[in-house]
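Below is one structure, written out as structure tokens, with a few remarks after it.
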Number of protein chains: 2
Amino acid sequence: MDYWFTDSLPYLLNRAGVALGETFSRRIARYDVTLPMYRVLAILRQTGPKSLGELSSLVSVEMSTLSRMIGTMAKAGQVTRIRPPENGRVVSIEITAKGAALADELMQIAMQFERGILGDMDAAAAEELKTLLRQISQRIDRL
Amino acid sequence: MDYWFTDSLPYLLNRAGVALGETFSRRIARYDVTLPMYRVLAILRQTGPKSLGELSSLVSVEMSTLSRMIGTMAKAGQVTRIRPPENGRVVSIEITAKGAALADELMQIAMQFERGILGDMDAAAAEELKTLLRQISQRIDRL
DNA sequence: GCGCAAATGTTTCAGTTGCAAGTATCTACG
DNA sequence: CGTAGATACTTGCAACTGAAACATTTGCGC
């Protein structure tokens, strides 16, 4: 046997991802923000308005799910939906001042969290890890 | 700004994990097996019978969800639930011959899939990546 | 310009999930 | 022994999800 499932990339990736996600979710739960919501806030905050479709692929969430999520975030005053006059099909999602403030606060927590995880890990190794993860995503998209 | 969300570890990890999972799921869909089911089969196949609780933590799935999943897998004749006489609380999940054959077939696909992903990536780099992922999981469990 | 296909979101509905409560078994302690 | 508490799993129920149907807008071919 030259293949060990528990040494396979998808398994290890899923395991680490779920563990990270659960832990971080608990840490931001008191803000009444779920992890995917945080991702939306962070991306809007750092890269400006996005259409639903763009957001969907950026945060890896189904568009129908995201549509509803944006609805509740809009109700909470964190984002707004805008129909740009130049293209009535698209919905541009923009972050509000309130949402931006929240995003800033949460990103502080995320920074600390990531530092805690990478901790004493070699900085170069961490960078290498990230590069590999990016390569993997790209490779799959192209597959 | 010294923090870029889309360069953060949880984001990259989730992105790669979701992409990998979706692609592989599609590839095994014709066997009527979901990705978590495949994980259960592969683990049982390679490491022998496990209790529900053990399986739950190994495949990162809630026990209640897993309990129902094992129910449908049992109906499909892939696994059996056994109450060990020496401990009536536990349910030992064992893979059947049919399940084992299926697991073998799916693991072949998984091997090819992983080779396709890692592709021309440096073997040492891939090993390093896996080591880092293991470290991250451990570090979180201990956190 | 007009009709029709494609693009982009939203809604509906059936199926799934996760939490909390329930059940069964075991263990420890008086 | 008997009973309180812990452990391991299952089930009920409300909330959530994804696929498909729907609605709206745009752009293409004629």
Side-chain angles (χ1 to χ4, degrees), chain A residues 14 17-30 32-40 43-44 49-76 79-94, chain B residues 14 17-30 32-40 43-44 49-76 79-94:
Chain A
N14 180 67
V18 170
L20 265 178
E22 280 179 355
T23 307
F24 186 68
S25 288
R26 252 176 274 125
R27 217 168 272 204
I28 62 172
R30 71 186 187 83
D32 273 314
V33 172
T34 65
L35 183 48
M37 283 177 180
Y38 162 64
R39 292 194 175 120
V40 167
I43 286 182
L44 291 178
K50 292 271 167 297
S51 74
L52 247 200
E54 287 169 329
L55 266 185
S56 170
S57 81
L58 282 169
V59 301
S60 309
V61 168
E62 281 283 320
M63 203 160 56
S64 68
T65 300
L66 190 60
S67 175
R68 284 174 290 226
M69 212 173 85
I70 294 297
T72 80
M73 291 175 74
K75 249 186 245 164
V79 300
T80 56
R81 277 184 228 244
I82 291 166
R83 288 266 175 208
E86 74 276 14
N87 185 349
R89 275 183 299 199
V90 175
V91 173
S92 177
I93 317 294
E94 304 192 3
Chain B
N14 179 67
V18 170
L20 266 177
E22 280 178 355
T23 307
F24 186 68
S25 288
R26 252 178 273 126
R27 215 168 274 203
I28 62 172
R30 71 186 187 83
D32 273 314
V33 172
T34 65
L35 182 48
M37 283 177 181
Y38 162 66
R39 292 193 174 121
V40 167
I43 285 182
L44 291 178
K50 292 271 168 297
S51 73
L52 248 200
E54 288 169 329
L55 267 185
S56 170
S57 81
L58 282 169
V59 302
S60 308
V61 168
E62 281 282 319
M63 202 159 58
S64 68
T65 301
L66 191 60
S67 174
R68 284 175 284 228
M69 209 171 88
I70 294 297
T72 81
M73 291 175 74
K75 249 186 245 164
V79 300
T80 56
R81 276 185 229 243
I82 291 167
R83 288 268 173 205
E86 75 276 13
N87 184 348
R89 278 183 297 197
V90 175
V91 174
S92 178
I93 317 294
E94 303 191 5

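So you know, we letter chains A, B, ... as the sequences are listed, proteins then strands, and number each from 1.
Every residue two or more places apart in sequence or in another chain that forms a side-chain contact (heavy atoms from CB on, under 4.5 Å) with A:T80 is listed here: A:I82, A:E94, A:T96. Shown here are the side-chain contact (heavy atoms from CB on, under 4.5 Å) partners of A:R26, two or more places apart in sequence or in another chain: A:E22, A:T23. In terms of the side-chain contact (heavy atoms from CB on, under 4.5 Å) criterion, residue partners of A:V61 (sequence neighbours excluded) are, by chain and number, A:P36, A:V59, A:T65, A:L66.
In terms of modelled atom types and a separation under 3.5 Å, the side chain of B:S25 and the main chain of B:G21 share a donor-acceptor contact.
What you find for A:V33 and A:Y38 is that their closest heavy atoms are CG1-N, 3.5 Å. The heavy-atom pair separating A:K50 from A:E54 by the smallest distance is CA-OE1, 3.4 Å.
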Check: residues 83-90 of chain A side-chain donor-acceptor pairs under 3.5 Å, at least two apart:
unit_1	atom_1	unit_2	atom_2	d
A:R83	NH1	A:G88	O	3.0
A:R83	NH1	A:R89	O	2.8
A:R83	NH1	A:V90	O	3.4
A:N87	OD1	A:R89	N	3.1

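With a 4.5 Å cut-off on side-chain heavy atoms, B:S60 and A:N14 count as touching.
Atom CZ in B:R83 sits about 10 Å away from atom P in C:dA24, given to the nearest Å. The nearest whole Å value for the distance from the CE atom in B:M69 to the P atom in C:dT17 is 9 Å. B:L66 has its CG atom 11 Å from the P atom of C:dG18, to the nearest Å. Remark: P of C:dT12 and CD of A:E62 are 18 Å apart, rounded to the nearest angstrom. In this structure, B:E22 atom CD and D:dG18 atom P are separated by 9 Å, rounded to whole Å. Atom CZ in A:R81 sits about 11 Å away from atom P in C:dG9, given to the nearest Å. In this structure, A:L52 atom CG and C:dA7 atom P are separated by 17 Å, rounded to whole Å.
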Taking only N/O atoms, report every protein-nucleotides 11-16 of chain D pair under 3.5 Å with atom names and distance.
unit_1	atom_1	unit_2	atom_2	d
D:dG12	O6	B:R68	NH1	3.0

Between the protein and nucleotides 26-29 of chain C, are there any N/O to N/O pairs under 3.5 Å, and if so, what are the atom names and distances?
unit_1	atom_1	unit_2	atom_2	d
C:dC26	OP1	B:G88	N	2.4

